[in-house]
Participant: 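The structure under discussion is supplied below as structure tokens; questions concerning it will follow.
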Amino acid sequence: MTAGAYTVIQAASAGGVLRLTLNNPWRKNAIGPAMVSELLHALEAGMADEAVRCVVLTGAGDAFCAGGDFAQLSGAEGAPQPEVKGDYADLLLAMANAGKPIVARVNGHALGGGLGLVAASHVAIGARGAKLGTPEINVGLFPMMIMAVLQRHVSRRKLLEMMLLGQRLDADEAAQCGLLNKAVEPGALDAAVDEVTSTLAAKSPIAVRLGLEAFAAQDDLDLESALPLLRERLAGCLATDDAREGLMAFLEKRQPRWSGR
């Protein structure tokens, strides 16, 4: 699928950054099968593009993502659904296992499935005024799939409170409990995201990829299993051209010239 074929997202790449914008603002960027499919296609293309160093995920209009598209979930629209690539669980897995950093630019409300996208990103920066929460209980549902990524950031007690009460946190509260790295004023959001992406784009792409892969591999392991695995991954990292270049540049007191190998 080419960028021009997308209907509910937009994809644009510049300066090593692939920007993916959820683009159905008339429904607050609610996520349904078509959007999931397009995000999976776009992420796959971005991971394969050597020019892309990191990905920014954001929403069009005044919302990041209001959650699942209930009209599609309930079948209320009646129209047949197009053939799609994967489902929402596949999307969360693709994000969690991505070999390039994904930065969530949380420009507005991120609720339900939208909050899952924030939690599955590697870095998340939110604008004050945005609400982040799990309102599913209020419509007789429960945030089943997203709890798997939320529990990696939020304490057990706080997560249960959020899900059972259907809480919506403001951006500062979300930062305090680990859902966001930082909360900033809306006018400072782009500068904060640009600072992160420009820093990421300047790093060794193979070191970033190997590091993210190792982080994902050890995430659920106990210490006795994680350390041997990480010892092996470190040896692989030390064997790269970029590691040799980085160490030489450090000794020669100059900026490294990354080859990505």
Side-chain angles (χ1 to χ4, degrees), residues 1-14 17-43 45-46 55-79 81-82 84-88 91-92 94-95 102-121 123-136 138-139 141 143 145-146 166 168-171 174 179-180 183-194 197:
M1 178 179 284
T2 62
Y6 298 137
T7 60
V8 287
I9 71 168
Q10 294 177 337
S13 186
V17 180
L18 172 63
R19 187 182 180 100
L20 301 180
T21 304
L22 312 182
N23 191 38
N24 58 347
W26 49 93
R27 301 187 77 156
K28 303 295 185 183
N29 303 316
I31 188 167
M35 184 177 285
V36 166
S37 179
E38 291 184 12
L39 284 171
L40 282 166
H41 279 290
L43 285 172
V55 176
V56 169
L57 183 63
T58 192
D62 61 0
F64 177 80
C65 176
D69 191 327
F70 289 155
Q72 293 186 32
L73 288 173
S74 66
E77 290 185 328
Q81 295 299 318
V84 296
K85 176 184 176 70
D87 61 15
Y88 181 74
L91 176 58
L92 294 182
M95 294 176 67
I102 300 173
V103 179
R105 175 187 177 273
V106 187
N107 55 302
H109 295 349
L111 304 173
L115 182 58
L117 299 182
V118 174
S121 299
V123 178
I125 302 174
R128 292 192 174 99
K131 297 290 187 182
L132 296 86
T134 52
E136 289 91 337
N138 298 324
V139 294
L141 298 174
M145 283 186 288
I146 69 170
R168 300 185 182 205
L169 309 179
D170 63 35
L179 285 170
L180 293 176
V184 299
E185 294 301 323
L189 181 60
D190 284 331
V193 171
D194 289 347
T197 57

Participant: Treating Tyr6 as the side-chain partner and Ala11 as the backbone partner, does any N or O pair qualify as donor plus acceptor under 3.5 Å?
Facilitator: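 Looks like no, no N/O pair under 3.5 Å.
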Participant: Got a second to check how far Thr58's OG1 is from Ile9's CD1, nearest 0.5 Å?
Facilitator: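 These two atoms lie 12.5 Å from each other.
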Participant: Measure the CG-CE distance between Leu92 and Met145 for me, rounded to the nearest 0.5 Å.
Facilitator: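 Reported to 0.5 Å precision, the distance equals 7.0 Å.
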Participant: Mind checking whether Leu20 and Leu43 have side chains closer than 4.5 Å, heavy atoms only?
Facilitator: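 Yes, their side chains come closer than 4.5 Å.
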Participant: Minimum heavy-atom separation for Ala110 to Val118, with atom names?
Facilitator: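 It is CB-CG2, 3.9 Å.
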Participant: Do any N or O atoms from the side chain of Glu38 and from the backbone of Thr7 form a donor-acceptor pair under 3.5 angstrom?
Facilitator: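 Indeed, once roles are kept as given, a pair shorter than 3.5 Å links the two residues.
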Participant: In the structure I gave you, are the side-chain heavy atoms of Leu22 and Leu57 within less than 4.5 Å of one another anywhere?
Facilitator: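 Contact flag for Leu22/Leu57 side chains = yes.
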Participant: If every non-hydrogen atom of Ala192 is compared with every non-hydrogen atom of Ile125, which pair is closest and at what distance?
Facilitator: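 That closest heavy-atom pairing would be O-CD1, 3.7 Å.
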Participant: How many angstroms lie between NZ in Lys28 and CG in Leu111, if you round to the nearest 0.5 Å?
Facilitator: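 Atom-to-atom, Lys28:NZ and Leu111:CG are 11.0 Å apart.
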Participant: If you measure from CG on Asn23 to CE on Met35, what distance do you get to the nearest 0.5 Å?
Facilitator: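 Output value for this atom pair is 7.5 Å.
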Participant: Would the distance check show the side chain of Asn29 and the main-chain N or O of Ala66 forming a donor-acceptor pair, the cut-off being under 3.5 Å?
Facilitator: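 Such a contact is absent between Asn29 side chain and Ala66 backbone.
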Participant: Report the distance from atom CZ of Arg105 to atom OG1 of Thr197, rounding to the nearest 0.5 Å.
Facilitator: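 Between atom CZ of Arg105 and atom OG1 of Thr197 there are 11.0 Å.
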Participant: Do the side chains of Leu115 and Leu179 get nearer than 4.5 Å, heavy atoms only?
Facilitator: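 They are in side-chain contact.
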Participant: Can you name the closest pair of heavy atoms from Ala30 and Asp69 and give their distance?
Facilitator: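 What the structure gives for the nearest pair is CB-CA, 3.9 Å.
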Participant: Verify, without hydrogens or angle tests, whether Ser37 (side chain) and Pro33 (backbone) share a donor-acceptor contact under 3.5 angstrom.
Facilitator: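 Such a contact is absent between Ser37 side chain and Pro33 backbone.
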Participant: To check you understand the geometry: which heavy-atom pair defines the closest contact between Pro135 and Gly112, and what is its length?
Facilitator: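 Closest approach of Pro135 to Gly112: CD-N, 3.8 Å.
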Participant: What I'd like to find out is whether the side chain of Phe64 reaches to under 4.5 Å of the side chain of Leu117, using heavy atoms alone.
Facilitator: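 Yes, side chains in contact.
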Participant: Mind checking whether Lys131 and Asp170 have side chains closer than 4.5 Å, heavy atoms only?
Facilitator: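 Yes; the side chains approach each other to less than 4.5 Å.
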Participant: Quick one: CG on Asn107 to CG on Asp190, what's the gap to the nearest 0.5 Å?
Facilitator: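 Asn107 CG to Asp190 CG: 9.0 Å, rounded to 0.5 Å.
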Participant: Donor-acceptor pair, Arg128 side chain versus Ala171 backbone, under 3.5 Å?
Facilitator: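 Looks like no, no N/O pair under 3.5 Å.
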